Structure formats: C-alpha cells, structure tokens
**Q** 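Below you will find the structure I want to go over with you.
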Amino acid sequence: MNASILCSTSDDAPDRWLCARTRVRQMFQLAWSPYETYAFGSDELLPLTRESRDNWGGLAVTMADSLDTMLLLGLDEPYQTSREWLLHNLPGKIMNGGDVPFFEVTIRVLGGLLGACTLREDAALLALAGQLGRALLPALSASPSGIPYCTVHLSSGRASCPESDLGESIPLSELGSVQLEFAALAHLLGEPRFATLADGAILAARRLPSVHGLYPSRMRPRTGGPATREVGFGAGSDSFYETLLKRWLQGGRRPERLRRMYEEALGGLRRLLRRSEPSNLLFVARADASEVGWRPQSYRSRTANAFEHLSCFLPGLLALGAHNNAGSNATAEWEIARELLSTCTELYERQPTGLGPERLAFSTAASVRAARIEWRRKYADDESYRDREPSPPHDYDVIDPRWPLRPEYVESLFVLWRLETVEAYRLPLRERGLRVLHAIERHCRTSDGGYAGLSSTSRPTLSNRLESFFFAETLKYLHLLFSEPSALSLETHVLTTEAHVLPVLALRRVPSGSEQEHAHDETPDGYGVTAARVAVAVDATGATSPPRSDLWPPWWPSEAFLDEDLVAEFGK
Ligand code: DMJ
C-alpha cells in the first residue's frame, strides 16, 4: 500500500501521524537501499551516478551515522548487518587509517556508535567507540593550547590544521562540538581523560575575552588566539553555542560555568538580531568585532546580513534553553525562538520547491537606505535613471540556492513541538514538518527510488550528493516529530549536534544538601558508574583561570564595550 496516499487523509484522521512516521521509515529504507547496493562500507553514496566515495577518511561514515536512527525506527535488519560490518571492518580501518577530519568523524562516526550504545547496550560497539576515541584523541592532546587540531592521522597520531588564508586555524564550531561524545565515552568507559581533554577545548576558548559572550569564528591551536574578528551563529560558529547548553544538560546541569557561557552568548545573540524589509522577519546577522568595539560588517557588504540554513537550529536550541531555564529571560528566549522559527518557515515556504536555501542575504532598513544612497550616487549623471528608485526590497536574496537535505529546520520543528506550551504556536508545527516531507518526496527522489540533495530550491534539480546527516538527522527528526513523546525523552537524553542520542549523566542530591554524582543506576543505559570521575575532571580543568591577555592580538576587543545603538528590541 502506498503510504503517501494514506497520509493525505483529512486533518483529524486518527492515523495521520502514524502514517507520517510510517512514511519516514519507508523513506529511510528507500534511501538506504542504493547505499547498500552501490556504496556499502563507503563514506557516502553518490546517488545519481550510483558510485561510492570515501570523502571523510573511509570510516563508513553513512553507516555509523545511521545506526541510532535505525534503532529508533525499528529497522533491525539493516541495523544488524551494519553493526556486524562495522565490528568486523572498522578496527582495521582505524588502526591503519590516514588523515581524517577530527570534527566530522567525531560527530558522525563516534557519535553514531555511541548513539547506538545508548539505545541498546552493546559492549562490542562501545569497545569500538573507545578505539576510535583513542585514535582521535591526539587532535586534542597534541595541542599546546588545548584548542584541537583540525585533522588527525589515525595510525600515527599526527595532528595538524591546513594553512588557510587565515593561517593554521580551526572553526569555533569544530573545537566546541565534540564534548558530548567524549564525555559520554569517558562516562561509559570510565576514562575521564576523554572528557578532560574535550572540555579543555572550551575552557581554552574561554581564555579569550568574549564579545558579549561570543567567540571568534576561527581560533589557532598553536597559540590559543583568535584567527578572525568574525562572530555569529552561522557556519563556523553554530554548534559551539549549542554545545555549551547541551554539555551542561548532559552533565546533569553541570558545570555551572557552561550554563553561564551559554547565558552570556544569549547577550551576544540579542545584539545580532535584525529585522528584514519589508516583512519584519527576525534574523541573526554576522558581525565583525573590531578593536573599536562592536560593529556589524559594512551595511553595504552582503555578509553583514547573511543568514544560513544552518542557523535554523537556533529556535530549537533557544527553546531547549528556555525550557531548562538556562538563560536569564525565558519569556524573551521563547519569543525569539518562535520568531526565528517563523523566519525559517518563510524561507521554506516562499521557495517554489518548499525547501529552504543554504544561504541568503537579508535586506534591512539600513541596507535599503544604503542601497538608495549608492543608487543615487551611481546614476547621478544618468538621465534615464536619475528619477527612478532601485527596485523595492523583498526581504532577502538567495545567495546559495542548494538544499543538501539539511536537518536544521525540522530539528527546530521537533524541539518546539515537544517543548512549546502555547497550543496556538504548537499546533501548526507538525503540519509544517509534513509539508517538508512532501516536498522531499516531490523533489528529491532519484530515478532508482532513492534520494539526493537539490542544487536549487527554486528549480528542482538534483545534485549528486547524499549526506549522511539525511539518515542521522533529517529523517530522525521528522520521525520524532510525528511520534509520541515516549519515543525519546528529552529529560533523560541529549541529542548531539548530529542528532545522536546520548544519556544525561545523572546527578542525585544527597541528604546533606551537597551535590554529588552517583551511580547511573536509575538510568536505562546499564553501564558502569563513572559520572562522578568525569564531572570532577571537568570541574578541575582551568576552572578559575582569568582571560590571558598574551593570547589575543591588539585587534581582539575587550568585552566591556557596548554600543547602545545596536541593542535590539529584545534587550541586553
Ligand atoms: C551536521 O553535520 C551537523 O548538524 C553539524 O553541526 C552542522 N551541520 C550538519 C547538518 O547540516
């Protein structure tokens, strides 16, 4: 029976959401089948040419990234086949492996293995995760500053970062998104060193004075200093801020220092909020933190108001933070979350395909003003243009039209569906998810029944790419959106930046009132007890060290500066 026909029954049909999640399960199988046929054991399937490639170091990235989604979706057969394959082949690939990207392999492969171990106790997979974790560790342990290197050579342990135009440096998101996986590993294996080193990277970043809680989007492993003045919540920065909150939640609301860093970053976020012209869509700009203080990049520059699909994870993050009272003003954080989510909805629903573009440039009142001035200057002497105006603003221009099957929008739909308490906001969220599902079905199917990304959200043209996050995140979030809350508790689990399911490392209060970590005995994971040792290691690392002035060049600003003109309507 064709499930998509079933799913089109009337809004109040009782089996509507059951049908939707059944469809997601089928989509997973349809996407998996060509991977299994043409690329099994490779990092990725090239879905149009039916080839495979090892673009992340050859560790079967798609397979490892998919494991916990298979378990959640009840796909036991591909799970067992993949598990067997990984247990048999990955140890050798790790032992003899070459250069791999530290961040991608941590979030996709290590995260995938640990997600599976969380949902189903599995000593063999856990041992494999331990082997991989140890092979990745030199990226952290070889760094003199604690800021990890970008690449690690699995068999020799050599760690490095390629020389870019910004010198040897690593994106902030890459240094600060691996902590959940390494803390889980530390906990499950009883080896605190994993957590100490990974958490140390965040503490190393914190040695810089932040700019309203924000850190430079690239940093240097050799010195610990910044490699750029750019700060923001898009590519290069996004999941650093996500990790501050989620690592705190994972630690049973500890350590407090991470919550404080998250709260401070919300101050920076509020200063980056802008509204579009003419529809007042709320978005987050990028900024350049210069030595004279806090300045948005030139209004004439398109990058100032650039917004990436990646930033559509923010509504979900803000909702999670507000739900857990991690910031100082949950009401305002909820408002921002709702408004940013409706901006992302607009990005999707204004596109002919119903899928949101990778990157765009918003128009704001200031950019429209600047464009008018520029127009007049340019055509001052041209009779034919002199009395005309530039075309009216239309909120945004699409800069990069691709949709590589990204998850961030459906991720936020899911989190808000779970946590939103105002029914009027909550009710449409599943419908929106269903529209995304239908758009994928309409525009992303390949001729052999699988799926591929789109090279343009305005014209449905397939690209020859099937990223592993389609299995790990996009389909998982859609499935969870259409499932009952009992499918996965957000109180006892955290979802990593790659949507892998990890346990909260439980805390229990003892009668004396002092906080102590205890055995993880009330949690379902059934593993040994090491939360106490992990948390102690985290707290002991650089706990009180003040910012080190020798680390930053003269152009990195001090955090005291505040430009009142740029404080947006949501306050400081
Ligand atoms: C994923 O690999 C992760 O979510 C990462 O943090 C950034 N983006 C991709 C999916 O878009």
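One-based numbering, in listed order, for ligands and for the atoms of each. The shown structure was predicted, so the numbers you read here are calculated from the model rather than taken from an experiment.
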**Q** Specify the protein heavy atom at minimum distance from atom 7 (C) of ligand 1: its residue, its atom name, and the distance to 0.1 Å.
**A** L310 CD2, 4.0 Å

**Q** List the atom of V24, the atom of L437, and the distance in Å for their closest heavy-atom pair.
**A**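 For V24 and L437, the tightest heavy-atom pair comes out as CG2-CD1, 3.6 Å.
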
**Q** Looking at ligand 1, is there an atom of it that comes within less than 4.0 Å of some heavy atom belonging to E473?
**A** yes

**Q** Classify the ring geometry between W32 and F28 as parallel (under 30°), tilted (30 to 60°) or perpendicular (over 60°).
**A** parallel

**Q** To the nearest 0.1 Å, how far is atom 2 (O) of ligand 1 from its closest protein heavy atom, and which atom is that?
**A**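 The closest one turns out to be E498 OE1, 2.6 Å.
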
**Q** Distance to 0.1 Å, residue and atom name: give those for the protein heavy atom nearest to atom 6 (O) of ligand 1.
**A**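 Ranking protein heavy atoms by distance from atom 6 (O) of ligand 1, first comes T497 OG1, 2.7 Å.
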
**Q** May I ask you to identify, for H309, whether its side chain, its backbone, both or neither come under 4.0 Å of ligand 1 on a heavy-atom basis?
**A** neither

**Q** Roughly how far, to the nearest 0.5 Å, is CZ of R338 from OG of S412?
**A** 13.5 Å

**Q** Take atom CZ in R459; do more than 12 heavy atoms of anything else shown fall under 6.0 Å from it?
**A**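 Counting other residues, nucleotides and ligands, CZ of R459 stays at 12 neighbours or fewer.
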
**Q** Does C344 have any disulfide (SG to SG under 2.5 Å) partners at least two apart in sequence or in another chain, and if so, which?
**A**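 Scan of C344 (disulfide (SG to SG under 2.5 Å), adjacent residues dropped) gives C312.
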
**Q** Record the part of P407 in heavy-atom contact with ligand 1 below 4.0 Å; permitted values are side chain, backbone, both and neither.
**A**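 Just the side chain.
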
**Q** Polar contacts were defined as any N/O atom of the residue lying under 3.5 Å from an N/O atom of the ligand; does this apply to R406 and ligand 1?
**A**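 There is such a contact, yes.
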
**Q** What part of E408 sits under 4.0 Å from ligand 1 if we count only heavy atoms: the side chain, the backbone, both or neither?
**A**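 Under 4.0 Å from ligand 1, E408 contributes side-chain atoms alone.
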
**Q** What about Y241 and Y262, are their ring centers closer than 6.0 Å?
**A**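 Ring centres of Y262 and Y241 not closer than 6.0 Å.
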
